[in-house]
Amino acid sequence: MTLSFSARLPLARFEIDRDNLSRPRENLFEELWAEPTTRVLAVTNGTAPVTEDRTALRLLPVASVARDGLLVYLGRAEVDGGVTAIVARVTDPEEAEQIGGDWANLRDVAHRLGDQDAALFAEAVAITNWHASHGFSPRTGTATVPTMGGWVRVDPDTGVEVFPRTDPAIIVRITDAEDRLLLGSNALWEHNRYSLLAGFVEPGESLESAVMREVFEESGVRVTNARYLGSQPWPFPASLMLGFTASVDDSWHGDLLPDGDEILDLRWFSRDELTASLGDILLPGPSSIARAIVEHWYGRPLDGGSPW
């Protein structure tokens, strides 16, 4: 069976009941701590405990975890053959050391986790990142307090609610008339790492307009025929990556012009040229939508596996 594009995205797999109807319960966490089957996902600095082979999360029994600090109700998932409540708890480094075992960053292991664990990890990292950066009211500067199971923060003086946000960003597979792929090297990466062009959507801008603007700003290339391909969350710290394909406009015949700030180098690759370059250049990691889009164009996973 050939998998769809979205089914191959490590962080787009959704196997959780987020159970939003339970979030308003006044004593939600007291009730969850009273359920012996409840499990806790500890999170510290974007990492969580994983099994030794790094293919699954290690969820902690609720009885072993204090009901303090920042808690977020992630929903219900299947654990040990039953449907179980899962709570994310922000854990400081000292507690993490006491928990022990292996801990991993989401981007390093997402492609190795099952659908449910990848979704839980992405949800936990995204929402705890939001809490870390929205501790104060944007209107009054007053410290806000979590409510609604950790999905809302409230200004206690004014009652104004602050909701989680996600920053939309487009990422584009650009091909020319010869079906060559355009890849760029970002100033923040190793000099030999190449990926697709990407950028944040600006206020008042459509996704298609963002594709055309970002590509031109970073490369000088005019593109057309922007088509949506798929999306996945990228909580580093709070993005939603929206994958597109686009073609070089027939009227464009200029040179590649890296902007010199974000993009330092640009190269066209045929499939044969990309194959020949794999020992010399680094490509996006296997948990990213960028890697999936490149492989979708290439026709098969770059490290082997079934064709797209």
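This chain uses plain numbering: 1 for the first residue, then up along the sequence. Just so you know, these numbers use all the heavy atoms, side chains as well, and skip hydrogens, waters and symmetry mates.
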Are the side chain of [X] and the backbone of [Y] linked by a donor-acceptor contact shorter than 3.5 Å?
| X | Y | value |
| --- | --- | --- |
| Asn129 | Pro235 | yes |
| Arg153 | Thr144 | yes |
| Glu95 | Asp92 | yes |
| Ser287 | His111 | yes |
| His131 | Gly150 | yes |
| Ser239 | Met241 | no |
| Thr128 | Val125 | yes |
| Trp252 | Gly220 | yes |
| Gln116 | Glu78 | yes |
| Thr44 | Thr91 | yes |

Grab the two heavy atoms, one from [X] and one from [Y], that are nearest each other, plus how far apart they are.
| X | Y | result |
| --- | --- | --- |
| Leu113 | Ala56 | CD2-N, 3.5 Å |
| Val62 | Pro36 | CG1-O, 4.2 Å |
| Gln232 | Leu9 | OE1-CB, 3.4 Å |
| Pro301 | Arg8 | CG-NH1, 4.3 Å |
| Ala118 | Leu106 | O-CD1, 4.5 Å |
| Gly75 | Asp19 | CA-CB, 4.3 Å |

Is there a donor-acceptor contact under 3.5 Å linking the side chains of [X] and [Y]?
| X | Y | value |
| --- | --- | --- |
| Ser288 | Arg291 | no |
| Ser277 | Asp280 | no |
| Asn186 | Tyr194 | no |
| Thr275 | Asp272 | no |

Flag yes if [X] and [Y] sit in one hydrophobic cluster, no otherwise; membership is Ile, Leu, Val, Met, Phe, Trp, Tyr, and two members link when side-chain heavy atoms are under 4.5 Å apart.
| X | Y | value |
| --- | --- | --- |
| Val294 | Leu266 | no |
| Leu196 | Phe269 | yes |
| Val72 | Val79 | yes |
| Leu183 | Leu282 | no |

Check whether any side-chain heavy atom of Ile174 lies under 4.5 Å from a side-chain heavy atom of Leu181, and answer yes or no. no
Decide yes or no for Trp234 and Ile289: does some side-chain heavy atom of the first lie under 4.5 Å from some side-chain heavy atom of the second? no
Carboxylate-amine/guanidinium contact [X] [Y], below 4.0 Å:
| X | Y | answer |
| --- | --- | --- |
| Arg271 | Asp179 | yes |
| Arg13 | Asp115 | yes |
| Asp53 | Arg112 | no |
| Asp167 | Arg165 | yes |
| Arg300 | Glu295 | no |
| Glu202 | Arg213 | yes |
| Arg76 | Glu35 | yes |
| Arg180 | Glu273 | no |

The single option from Ile171, Leu207, Asn225 passing side-chain contact (heavy atoms from CB on, under 4.5 Å) against Phe244: Leu207
If you draw a 6.0 Å radius around [atom1] in [X], do more than 12 non-hydrogen atoms from other residues or ligands fall strictly inside?
| X | atom1 | answer |
| --- | --- | --- |
| Asp68 | CG | yes |
| Phe236 | CZ | yes |
| Glu26 | CD | no |
| Glu97 | CD | no |
| Arg222 | CZ | no |
| Glu30 | CD | yes |

